[in-house]
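Since the structure comes first, as C-alpha coordinates, the remarks are kept for the end.
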Amino acid sequence: MARAPGARRLEGLGVTIFSEMTRLAIAHGAINLGQGFPDFPGPDLVKEAAVLAIRADLNQYAPSHGLPRLRQAVARAFEQSYGHPVDPEVEVTVTTGATEGLHAALLALVDPGDEVIVFEPFYDAYLAQIRFAGGVPRPVTLWPPDWRFDPNELAAAFGPRTRAVIVNTPHNPTGKVFTHDELALVAALCQEYDVVAITDEVYDRILYDDAVHIPLATLPGMWERTITLNSTGKTFSMTGWKVGWAIASAPLTRAIRATHQFITFATATPFQEAMAVALEQAAESGYYAELAAAYAERRAVLHRALEATGLSVLPCRGSYFLLADASGLGFPDDVSLCRYLVTEVGVAAIPPSAFYADPARAPVLARFCFAKRLETLQAAAERLAGFAGMNASAPSARSVG
Ligand code: GLN
(Lines give C-alpha, C1' and ligand atoms only; values in the text may rest on other atoms or scores of the structure.)
Protein backbone atom coordinates (compact mmCIF):
# COMPACT_ATOMS: atom_id res chain seq x y z
CA MET A 1 0.00 0.00 0.00
CA ALA A 2 1.30 3.47 -0.90
CA ARG A 3 2.43 5.65 2.01
CA ALA A 4 0.57 8.88 2.77
CA PRO A 5 2.47 11.67 0.99
CA GLY A 6 3.28 13.60 4.16
CA ALA A 7 5.10 12.84 7.41
CA ARG A 8 3.15 12.40 10.65
CA ARG A 9 4.27 15.82 11.84
CA LEU A 10 1.97 17.37 9.22
CA GLU A 11 -1.13 16.04 11.00
CA GLY A 12 -3.42 18.89 12.01
CA LEU A 13 -1.26 21.60 10.44
CA GLY A 14 -3.57 22.69 7.61
CA VAL A 15 -2.97 26.10 6.02
CA THR A 16 -2.12 29.03 8.32
CA ILE A 17 -5.03 31.27 9.21
CA PHE A 18 -3.11 34.22 7.71
CA SER A 19 -2.92 32.70 4.23
CA GLU A 20 -6.52 31.50 4.51
CA MET A 21 -7.91 34.90 5.52
CA THR A 22 -5.88 36.77 2.91
CA ARG A 23 -7.25 34.35 0.28
CA LEU A 24 -10.83 34.99 1.47
CA ALA A 25 -10.23 38.76 1.56
CA ILE A 26 -9.11 38.71 -2.08
CA ALA A 27 -11.95 36.40 -3.14
CA HIS A 28 -14.60 38.65 -1.52
CA GLY A 29 -13.03 42.00 -2.33
CA ALA A 30 -12.74 42.65 1.42
CA ILE A 31 -10.42 45.16 3.10
CA ASN A 32 -7.71 43.01 4.59
CA LEU A 33 -7.27 43.79 8.29
CA GLY A 34 -6.49 40.11 8.87
CA GLN A 35 -2.91 39.09 8.16
CA GLY A 36 -0.53 41.48 9.89
CA PHE A 37 1.38 43.46 7.30
CA PRO A 38 1.59 47.17 6.51
CA ASP A 39 -0.04 48.45 3.30
CA PHE A 40 2.26 51.49 3.24
CA PRO A 41 5.89 51.61 2.07
CA GLY A 42 8.91 51.21 4.30
CA PRO A 43 11.42 54.06 4.76
CA ASP A 44 13.11 55.39 1.58
CA LEU A 45 16.46 55.27 3.33
CA VAL A 46 16.21 51.49 3.69
CA LYS A 47 15.06 51.00 0.10
CA GLU A 48 17.93 53.13 -1.17
CA ALA A 49 20.43 51.21 0.95
CA ALA A 50 19.21 47.92 -0.57
CA VAL A 51 19.45 49.36 -4.10
CA LEU A 52 23.01 50.49 -3.40
CA ALA A 53 23.90 47.08 -1.98
CA ILE A 54 22.54 45.35 -5.08
CA ARG A 55 24.38 47.80 -7.38
CA ALA A 56 27.56 47.13 -5.41
CA ASP A 57 27.11 43.43 -6.20
CA LEU A 58 26.56 42.20 -2.68
CA ASN A 59 25.16 39.12 -4.32
CA GLN A 60 26.92 36.19 -2.70
CA TYR A 61 26.33 34.34 0.56
CA ALA A 62 26.77 36.36 3.71
CA PRO A 63 28.66 34.67 6.58
CA SER A 64 26.23 32.11 7.99
CA HIS A 65 25.70 34.01 11.25
CA GLY A 66 25.26 37.37 9.49
CA LEU A 67 27.09 40.35 8.01
CA PRO A 68 29.42 41.91 10.61
CA ARG A 69 27.90 45.34 9.94
CA LEU A 70 24.39 44.12 10.76
CA ARG A 71 25.49 42.22 13.85
CA GLN A 72 27.26 45.32 15.10
CA ALA A 73 24.18 47.47 14.45
CA VAL A 74 21.94 44.95 16.25
CA ALA A 75 24.28 44.86 19.26
CA ARG A 76 24.54 48.64 19.44
CA ALA A 77 20.78 49.18 19.11
CA PHE A 78 20.05 46.69 21.90
CA GLU A 79 22.59 48.22 24.24
CA GLN A 80 21.42 51.78 23.52
CA SER A 81 17.77 50.94 24.08
CA TYR A 82 17.92 48.39 26.85
CA GLY A 83 21.24 49.04 28.59
CA HIS A 84 22.84 45.60 28.33
CA PRO A 85 26.02 45.22 26.27
CA VAL A 86 25.94 42.65 23.45
CA ASP A 87 29.04 41.15 21.80
CA PRO A 88 28.33 41.10 18.06
CA GLU A 89 31.01 38.47 17.46
CA VAL A 90 29.64 35.76 19.69
CA GLU A 91 26.16 36.85 20.85
CA VAL A 92 24.27 37.76 17.64
CA THR A 93 23.03 35.49 14.85
CA VAL A 94 21.20 36.94 11.84
CA THR A 95 18.19 34.82 10.89
CA THR A 96 15.64 34.80 8.11
CA GLY A 97 13.01 36.59 10.17
CA ALA A 98 12.04 35.81 13.74
CA THR A 99 10.26 32.72 12.43
CA GLU A 100 13.52 31.08 11.40
CA GLY A 101 15.14 32.35 14.60
CA LEU A 102 12.52 30.49 16.62
CA HIS A 103 12.95 27.34 14.56
CA ALA A 104 16.73 27.45 14.96
CA ALA A 105 16.40 28.10 18.71
CA LEU A 106 13.92 25.29 19.33
CA LEU A 107 15.91 22.79 17.26
CA ALA A 108 19.00 23.87 19.19
CA LEU A 109 17.41 23.32 22.61
CA VAL A 110 14.63 20.78 22.53
CA ASP A 111 15.00 17.01 22.62
CA PRO A 112 12.02 14.77 21.88
CA GLY A 113 9.68 14.77 24.87
CA ASP A 114 10.99 18.03 26.35
CA GLU A 115 8.26 20.43 27.39
CA VAL A 116 8.03 24.02 26.18
CA ILE A 117 5.78 26.45 28.04
CA VAL A 118 3.80 28.93 25.90
CA PHE A 119 1.39 31.64 26.96
CA GLU A 120 -1.96 31.04 25.29
CA PRO A 121 -3.13 32.63 23.00
CA PHE A 122 0.23 32.31 21.17
CA TYR A 123 1.47 33.19 17.71
CA ASP A 124 0.42 30.21 15.63
CA ALA A 125 3.90 29.19 14.47
CA TYR A 126 4.95 28.31 18.03
CA LEU A 127 2.90 25.14 18.33
CA ALA A 128 3.98 23.77 14.95
CA GLN A 129 7.62 24.57 15.60
CA ILE A 130 7.64 23.03 19.09
CA ARG A 131 6.23 19.86 17.54
CA PHE A 132 8.76 19.92 14.67
CA ALA A 133 11.47 19.83 17.34
CA GLY A 134 9.75 16.86 19.03
CA GLY A 135 8.75 19.01 22.00
CA VAL A 136 5.53 18.98 23.99
CA PRO A 137 3.73 22.34 24.29
CA ARG A 138 2.50 23.32 27.78
CA PRO A 139 0.04 26.23 27.43
CA VAL A 140 -0.46 28.71 30.28
CA THR A 141 -3.57 30.85 29.92
CA LEU A 142 -3.66 34.61 29.51
CA TRP A 143 -7.08 35.80 30.66
CA PRO A 144 -9.00 38.66 28.98
CA PRO A 145 -9.55 41.53 29.16
CA ASP A 146 -6.06 42.46 30.41
CA TRP A 147 -4.50 39.09 29.62
CA ARG A 148 -2.90 38.44 32.99
CA PHE A 149 -1.84 34.90 33.87
CA ASP A 150 -2.37 33.06 37.12
CA PRO A 151 1.08 32.78 38.81
CA ASN A 152 0.06 29.42 40.27
CA GLU A 153 -0.79 28.07 36.82
CA LEU A 154 2.59 29.23 35.53
CA ALA A 155 4.46 27.71 38.48
CA ALA A 156 2.57 24.43 38.03
CA ALA A 157 3.58 24.28 34.36
CA PHE A 158 7.28 24.19 35.26
CA GLY A 159 8.73 20.78 36.09
CA PRO A 160 11.65 18.44 35.44
CA ARG A 161 10.74 18.03 31.74
CA THR A 162 10.55 21.79 31.06
CA ARG A 163 13.28 22.85 28.65
CA ALA A 164 12.11 26.28 27.53
CA VAL A 165 9.46 28.94 27.93
CA ILE A 166 8.44 31.24 25.08
CA VAL A 167 7.50 34.81 26.00
CA ASN A 168 6.12 37.16 23.36
CA THR A 169 6.06 40.79 24.42
CA PRO A 170 4.51 43.01 23.08
CA HIS A 171 2.08 40.19 22.46
CA ASN A 172 0.30 39.06 19.32
CA PRO A 173 -2.73 38.87 19.21
CA THR A 174 -3.63 40.59 22.51
CA GLY A 175 -1.48 43.74 22.53
CA LYS A 176 -0.36 42.87 26.07
CA VAL A 177 3.01 44.17 27.22
CA PHE A 178 4.42 41.98 29.99
CA THR A 179 5.15 43.95 33.16
CA HIS A 180 8.37 43.85 35.14
CA ASP A 181 6.67 41.83 37.89
CA GLU A 182 5.36 39.26 35.42
CA LEU A 183 8.78 38.91 33.81
CA ALA A 184 10.43 38.62 37.22
CA LEU A 185 8.17 35.69 38.01
CA VAL A 186 9.11 33.99 34.74
CA ALA A 187 12.78 34.70 35.47
CA ALA A 188 12.61 33.21 38.96
CA LEU A 189 10.99 30.01 37.66
CA CYS A 190 13.50 29.71 34.80
CA GLN A 191 16.32 29.88 37.32
CA GLU A 192 14.68 27.51 39.77
CA TYR A 193 14.07 24.86 37.08
CA ASP A 194 17.14 25.56 34.90
CA VAL A 195 14.98 26.54 31.92
CA VAL A 196 15.90 28.66 28.88
CA ALA A 197 13.60 31.54 27.93
CA ILE A 198 13.00 32.33 24.28
CA THR A 199 11.54 35.79 23.85
CA ASP A 200 9.82 37.05 20.73
CA GLU A 201 10.15 40.84 20.76
CA VAL A 202 9.26 41.67 17.15
CA TYR A 203 6.87 44.46 18.26
CA ASP A 204 9.31 46.08 20.71
CA ARG A 205 9.20 49.44 18.88
CA ILE A 206 5.41 49.59 18.64
CA LEU A 207 4.23 50.68 22.09
CA TYR A 208 1.45 53.00 23.29
CA ASP A 209 0.63 55.24 26.20
CA ASP A 210 3.04 54.63 29.06
CA ALA A 211 3.95 51.06 28.08
CA VAL A 212 7.61 50.14 28.48
CA HIS A 213 9.25 47.17 26.79
CA ILE A 214 11.56 45.17 29.05
CA PRO A 215 13.66 42.42 27.48
CA LEU A 216 13.56 39.41 29.80
CA ALA A 217 17.27 38.91 29.05
CA THR A 218 18.08 42.08 30.98
CA LEU A 219 16.61 40.83 34.27
CA PRO A 220 19.14 39.62 36.87
CA GLY A 221 20.37 36.10 36.14
CA MET A 222 18.66 35.90 32.75
CA TRP A 223 21.35 36.89 30.23
CA GLU A 224 22.91 33.42 30.32
CA ARG A 225 19.56 31.68 29.81
CA THR A 226 17.59 33.85 27.37
CA ILE A 227 17.41 33.86 23.59
CA THR A 228 16.02 37.21 22.41
CA LEU A 229 14.42 37.07 18.97
CA ASN A 230 13.58 40.10 16.89
CA SER A 231 13.23 41.14 13.28
CA THR A 232 13.01 44.20 11.10
CA GLY A 233 9.67 43.25 9.53
CA LYS A 234 7.43 45.26 11.87
CA THR A 235 9.95 47.92 12.88
CA PHE A 236 10.69 49.01 9.32
CA SER A 237 7.33 47.99 7.80
CA MET A 238 9.01 45.49 5.49
CA THR A 239 7.65 42.12 6.52
CA GLY A 240 8.63 40.50 3.22
CA TRP A 241 12.34 41.15 3.63
CA LYS A 242 12.64 38.59 6.42
CA VAL A 243 15.71 39.93 8.19
CA GLY A 244 15.78 38.95 11.86
CA TRP A 245 18.21 37.96 14.59
CA ALA A 246 18.76 36.05 17.79
CA ILE A 247 20.71 37.62 20.66
CA ALA A 248 21.99 35.15 23.24
CA SER A 249 24.99 34.40 25.46
CA ALA A 250 27.94 32.79 23.66
CA PRO A 251 27.09 29.15 24.57
CA LEU A 252 23.46 29.56 23.48
CA THR A 253 24.57 31.40 20.34
CA ARG A 254 26.89 28.50 19.45
CA ALA A 255 23.91 26.15 19.66
CA ILE A 256 21.70 28.43 17.53
CA ARG A 257 24.40 28.89 14.90
CA ALA A 258 24.80 25.11 14.73
CA THR A 259 21.18 24.64 13.63
CA HIS A 260 20.84 27.88 11.66
CA GLN A 261 23.76 26.96 9.36
CA PHE A 262 21.86 23.91 8.16
CA ILE A 263 18.38 25.49 8.00
CA THR A 264 19.06 28.43 5.68
CA PHE A 265 22.84 28.86 5.99
CA ALA A 266 22.48 32.63 5.50
CA THR A 267 19.95 35.41 4.99
CA ALA A 268 19.74 37.58 1.83
CA THR A 269 22.91 39.69 1.71
CA PRO A 270 21.69 43.03 0.27
CA PHE A 271 18.74 43.11 2.67
CA GLN A 272 21.09 42.52 5.61
CA GLU A 273 23.22 45.46 4.47
CA ALA A 274 20.17 47.70 4.10
CA MET A 275 18.84 46.78 7.53
CA ALA A 276 22.24 47.53 9.05
CA VAL A 277 21.96 51.05 7.62
CA ALA A 278 18.39 51.31 8.97
CA LEU A 279 19.39 50.27 12.50
CA GLU A 280 22.45 52.53 12.50
CA GLN A 281 20.29 55.58 11.86
CA ALA A 282 16.92 54.78 13.43
CA ALA A 283 17.39 55.98 17.02
CA GLU A 284 19.24 59.24 16.27
CA SER A 285 16.86 60.21 13.45
CA GLY A 286 13.82 59.88 15.70
CA TYR A 287 12.42 57.07 13.55
CA TYR A 288 11.22 54.92 16.46
CA ALA A 289 9.29 57.78 18.03
CA GLU A 290 7.67 58.62 14.67
CA LEU A 291 6.74 54.99 14.13
CA ALA A 292 5.04 54.72 17.51
CA ALA A 293 3.21 58.05 17.04
CA ALA A 294 1.93 57.03 13.59
CA TYR A 295 0.68 53.74 15.04
CA ALA A 296 -1.04 55.52 17.92
CA GLU A 297 -3.06 57.52 15.37
CA ARG A 298 -3.98 54.40 13.38
CA ARG A 299 -4.96 52.60 16.58
CA ALA A 300 -7.27 55.49 17.52
CA VAL A 301 -8.97 55.48 14.10
CA LEU A 302 -9.64 51.74 14.18
CA HIS A 303 -10.66 51.87 17.84
CA ARG A 304 -13.34 54.47 17.06
CA ALA A 305 -14.56 52.51 14.04
CA LEU A 306 -14.94 49.30 16.04
CA GLU A 307 -16.64 50.99 18.98
CA ALA A 308 -19.09 52.63 16.59
CA THR A 309 -20.29 49.15 15.61
CA GLY A 310 -21.19 48.45 19.23
CA LEU A 311 -18.31 46.01 19.71
CA SER A 312 -16.22 46.50 22.79
CA VAL A 313 -12.52 46.86 22.13
CA LEU A 314 -9.95 45.32 24.43
CA PRO A 315 -6.95 47.36 25.63
CA CYS A 316 -3.85 47.25 23.42
CA ARG A 317 -0.52 48.55 24.79
CA GLY A 318 1.75 47.27 22.05
CA SER A 319 1.78 45.59 18.57
CA TYR A 320 -0.50 46.62 15.71
CA PHE A 321 -3.58 44.60 16.53
CA LEU A 322 -6.90 45.35 18.23
CA LEU A 323 -9.21 42.68 19.57
CA ALA A 324 -12.95 43.33 19.40
CA ASP A 325 -15.34 41.40 21.61
CA ALA A 326 -18.37 39.96 19.79
CA SER A 327 -19.64 37.71 22.56
CA GLY A 328 -23.37 38.21 22.97
CA LEU A 329 -23.93 38.84 19.24
CA GLY A 330 -25.03 35.29 18.58
CA PHE A 331 -22.01 33.95 16.72
CA PRO A 332 -21.21 30.40 17.82
CA ASP A 333 -17.46 31.02 17.60
CA ASP A 334 -14.84 33.44 16.32
CA VAL A 335 -14.41 31.61 13.01
CA SER A 336 -18.08 32.14 12.08
CA LEU A 337 -17.75 35.78 13.21
CA CYS A 338 -14.72 36.31 10.94
CA ARG A 339 -16.35 34.49 8.03
CA TYR A 340 -19.33 36.79 8.40
CA LEU A 341 -17.09 39.85 8.55
CA VAL A 342 -15.18 38.93 5.40
CA THR A 343 -18.13 37.75 3.30
CA GLU A 344 -20.94 40.09 4.43
CA VAL A 345 -19.23 43.17 5.84
CA GLY A 346 -16.23 43.20 3.52
CA VAL A 347 -13.55 43.46 6.22
CA ALA A 348 -11.17 40.59 6.93
CA ALA A 349 -10.04 39.87 10.51
CA ILE A 350 -8.32 36.93 12.19
CA PRO A 351 -10.14 34.57 14.58
CA PRO A 352 -7.84 34.29 17.63
CA SER A 353 -8.84 30.64 18.14
CA ALA A 354 -6.00 29.96 15.67
CA PHE A 355 -3.74 30.99 18.57
CA TYR A 356 -5.13 28.36 21.00
CA ALA A 357 -4.03 24.72 21.35
CA ASP A 358 -7.72 23.90 21.85
CA PRO A 359 -9.68 26.38 19.68
CA ALA A 360 -12.82 25.69 21.72
CA ARG A 361 -11.22 27.60 24.62
CA ALA A 362 -11.04 30.85 22.64
CA PRO A 363 -13.42 33.69 23.51
CA VAL A 364 -15.49 35.12 20.61
CA LEU A 365 -13.13 37.88 19.52
CA ALA A 366 -11.85 39.16 16.20
CA ARG A 367 -8.32 40.49 15.67
CA PHE A 368 -8.02 43.53 13.42
CA CYS A 369 -4.66 44.75 12.11
CA PHE A 370 -4.19 48.52 11.93
CA ALA A 371 -0.83 48.53 10.13
CA LYS A 372 -2.67 50.30 7.33
CA ARG A 373 -2.87 53.68 5.64
CA LEU A 374 -5.45 55.99 7.24
CA GLU A 375 -7.48 55.77 3.98
CA THR A 376 -7.62 51.99 4.32
CA LEU A 377 -8.77 52.30 7.93
CA GLN A 378 -11.40 54.90 6.96
CA ALA A 379 -12.71 52.63 4.21
CA ALA A 380 -12.86 49.77 6.70
CA ALA A 381 -14.69 52.05 9.13
CA GLU A 382 -17.37 52.74 6.52
CA ARG A 383 -17.90 49.04 5.92
CA LEU A 384 -17.93 48.31 9.64
CA ALA A 385 -20.67 50.91 10.03
CA GLY A 386 -22.70 48.53 7.85
CA PHE A 387 -21.95 45.77 10.36
CA ALA A 388 -23.58 47.88 13.07
CA GLY A 389 -26.68 48.15 10.84
CA MET A 390 -26.72 44.43 10.15
CA ASN A 391 -26.35 43.74 13.84
CA ALA A 392 -29.44 45.68 14.59
CA SER A 393 -31.58 44.49 11.71
CA ALA A 394 -30.59 41.05 10.50
CA PRO A 395 -29.26 38.76 13.18
CA SER A 396 -30.29 35.71 11.12
CA ALA A 397 -27.69 36.66 8.50
CA ARG A 398 -25.12 35.40 10.98
CA SER A 399 -25.56 31.84 9.83
CA VAL A 400 -23.59 32.74 6.69
CA GLY A 401 -20.44 30.70 6.19
N1 GLN B 1 2.53 37.79 12.07
C2 GLN B 1 1.51 38.11 11.14
C3 GLN B 1 0.19 38.13 11.88
O4 GLN B 1 0.11 37.81 13.03
C5 GLN B 1 1.39 37.18 9.98
C6 GLN B 1 2.60 36.48 9.54
C7 GLN B 1 2.28 35.41 8.53
O8 GLN B 1 1.46 35.60 7.67
N9 GLN B 1 2.89 34.30 8.66
O10 GLN B 1 -0.78 38.46 11.28
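In this text, all values refer to a predicted model and were calculated from it rather than measured experimentally. First listed ligand is number 1; within each ligand, the first listed atom is number 1.
- Under the 4.0 angstrom criterion for non-hydrogen atoms, F321 is in contact with ligand 1.
- The protein atom (non-hydrogen) at minimum distance from atom 9 (N) of ligand 1 is Y123 OH, 3.4 Å.
- A cation-pi arrangement is absent between R298 and Y320, since the terminal nitrogen or guanidinium carbon is not both under 6.0 Å from the aromatic centre and inside a 45° cone about the axis.
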Stepwise ring-ring contact (aromatic ring centres under 6.0 Å, His included) test for F18 and F37: CA-CA 10 Å; F18 307 116; F37 63 87; over 10 Å; no

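- No close placement of the F321 and F368 rings is indicated, their centers lying 6.0 Å or farther apart.
- Of all heavy-atom pairs between L102 and I166, the closest is CD1-CD1, 4.1 Å.
- Nearest protein heavy-atom neighbour of atom 7 (C) of ligand 1: F18 CD1, 3.6 Å.
- Considering backbone and side-chain N/O of G36, one or more are found under 3.5 Å from N/O of ligand 1.
- Residue K234 has at least one heavy-atom neighbour below 4.0 Å for each of these atoms of ligand 1: 1 (N).
- With respect to D44 and K47, a salt bridge is recorded, a charged nitrogen being found less than 4.0 Å from a carboxylate O.
- In this structure, the protein non-hydrogen atom closest to atom 8 (O) of ligand 1 is Q35 NE2, 2.6 Å.
- Contact between N172 and ligand 1 is present, with at least one heavy atom of the residue lying under 4.0 Å from the ligand.
- By the criterion of a heavy-atom distance under 4.0 Å, neither the backbone nor the side chain of M21 is placed next to ligand 1.
- Between P215 and M222, the closest side-chain pair of non-hydrogen atoms is not below 4.5 Å.
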